[in-house]
2 protein chains.
Amino acid sequence: MLSQSIEDYLKTIYEVESSEGKVSTSALSEKLGVSPASVTSMVKKLSERKLITHKRYQGVKLTPAGRKIALEIIRHHRLVELYLKEALGVPWDQVHQEAEKWEHVLSEDLEDRIDKFLGYPVTDPHGSPIPRRDGTMIVRQCSALVDVEPETLVKVVEVSDHDPELLRYLGGIGLYPETEMTVISKQPFKGPIIIELTGKEYPIGRNAAKYIMVEEAKN
Amino acid sequence: MLSQSIEDYLKTIYEVESSEGKVSTSALSEKLGVSPASVTSMVKKLSERKLITHKRYQGVKLTPAGRKIALEIIRHHRLVELYLKEALGVPWDQVHQEAEKWEHVLSEDLEDRIDKFLGYPVTDPHGSPIPRRDGTMIVRQCSALVDVEPETLVKVVEVSDHDPELLRYLGGIGLYPETEMTVISKQPFKGPIIIELTGKEYPIGRNAAKYIMVEEAKN
DNA sequence: AAATTATTTTAGTCTTGCCTAAATTCTTTT
DNA sequence: AAAAGAATTTAGGCAAGACTAAAATAATTT
Ligand SMILES: [Mn+2]
Ligand SMILES: [Mn+2]
Ligand SMILES: [Mn+2]
Ligand SMILES: [Mn+2]
């Protein structure tokens, strides 16, 4: 059995690797809320266990074994998020913090029961893909809302689950994964992006728009 | 926030206090699977935190504050056990070990949602009473099957949840809380107790019969 | 190219929760 | 009442996972 701490490190390394490519000590320190020195010593331990590789001053990389564990935890996390929403009606801005704890105590048996209950889902409440049991995960082509040109009809693919306040705002205006909307304009001087959704217009701040992933909708 | 370890100590102290009256270092050592020396040092810490009282060489007692926390954890445990059985179909011999982990990661919000989903239940799948939110719990009058005289019609109140094998056997013959059955005979030389249940007779070992609590059924 | 700044690692501590071995205290037997 | 035995506590250590302060290395600026 791996400690909760090790599981969180591997998961975070996976996430940083996906979103930023390079995984630096400082990035991990920030995301995990732990000092850089603590990261260095855990990195040492994970290397010894062959879950990551590490070149001094150059960042870390998951080995296949480490990646498999990371995806296992992410699978737990996302299944639990969806389960809490579907089965117990937990609002989508709260499921993340609950799942953060539950992901570490989910047995394989329960994982399977939840998976079955949900009908073998492929995405979580925020639109993120759920890794498969075999440790693989689909990758999708999509772009951040902030990079989309005005006058485009887009479909929401995925929304970051880390900021409850943003999620509440988006939920309030009816912006969920699978929702279609039109980018009306991008206000100058780093102003908000205006979108149209079910006939109404709403502003989305540039920063928030970095965390909303969309794809072009066919017509 | 209390550590998982502290929560488990308080819960175990409560359980030993209920079943044996006196809570000795060695009893805790045994139930928690930890050396007596480790118990002594944790006892010291819990006393300092005013969660228990301790007289050297004389055992420990929960303070009201400690009892409240113990019952909170037991509430989590029993709600989770019932939830796993009802909502996810986990067999009753497996719910205990899952709940043993989940009890420590259940938020108050989720506790309430599960409670509501289950219709505010009063007992867990093994017949144990579920403590109320306010930290109180009903106590029932019942006796161990092993102490019942032959020829008595009894109703099962509660079954110990600690031995999966026993639970599977009992489930197999249809012996659950609320089941009525007749004690036919007690075989001599510490032999088994014979019970009759839905027209058939089954043997229950003396030792197992210590862990089955019953009350006299009216007629 | 040298100096400054930022990042990462090392060194040394701390807390939690466990351990074993030895000493103490309580209980039971003779 | 003394001795033997059982239970409990003390003493001293260890591993995990965090921290701060200082040293080493890399990246950026002048
Ligand atoms: Mn986590
Ligand atoms: Mn999510
Ligand atoms: Mn139980
Ligand atoms: Mn527990």
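Chain letters run A, B, ... following the sequence lines, proteins first, then strands; residues in each count from 1. Hydrogens, waters and symmetry mates are skipped; everything else that's a heavy atom, side chains included, is used.
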Problem - side-chain N/O B/Arg56 vs D/dT10 OP1/OP2, d < 4.0 Å - result: yes
Handout entry: Any A/His54 side-chain N or O less than 4.0 Å from OP1/OP2 of C/dT9
Key = yes
Practice task
Give a yes/no on whether any side-chain N or O of B/Thr40 is located under 4.0 angstrom from OP1 or OP2 of D/dT8.
Solution key: no
Exercise for the section: Examine the side chains of A/Ser5 and A/Glu7 and answer whether a donor and an acceptor come within less than 3.5 Å of each other. Expected result: no
Practice task
Would you please indicate if the ring centroids of A/His126 and A/Trp92 are separated by under 6.0 Å?
Solution key: yes
Exercise for the section: Compare the minimum distances between each of C/dG17, D/dT9, D/dA18 and the side chain of A/Ser5, then state the nucleotide with the smallest one. Expected result: D/dA18
Fill in the blank from the handout: Picking from C/dT20, C/dT9, D/dA7, the nucleotide nearest the side-chain atoms of B/Ser26 would be D/dA7
Problem - Ring centres under 6.0 angstrom apart (B/His96, B/His77) - result: yes
Fill in the blank from the handout: Among the nucleotides C/dT9, D/dT20, D/dT8, whichever has the atom closest to the side chain of A/Ser35 is D/dT20
Handout entry: Options C/dT10, C/dC18, D/dG17, nucleotide nearest the side-chain atoms of B/Tyr9
Key = C/dC18
Exercise for the section: With the side chain of A/Ser24 defined as its heavy atoms from C-beta on, choose the nearest nucleotide among C/dT8, C/dT9, D/dG17. Expected result: C/dT8
Exercise for the section: Have a look at B/Ser38 and say if it touches a base, only the backbone sugar-phosphate, or nothing, with a 4.0 Å heavy-atom cut-off. Expected result: base
Problem - C/dC18 OP1/OP2 closer than 4.0 Å to side-chain N/O of B/Ser41 - result: no
Problem - Donor-acceptor pair (no angle test) under 3.5 Å: A/Tyr57 side chain, C/dT9 base - result: no
Exercise for the section: Quick one: pull up CZ in A/Arg206 and NZ in A/Lys186 and give me the separation to the nearest 0.5 Å. Expected result: 5.5 Å
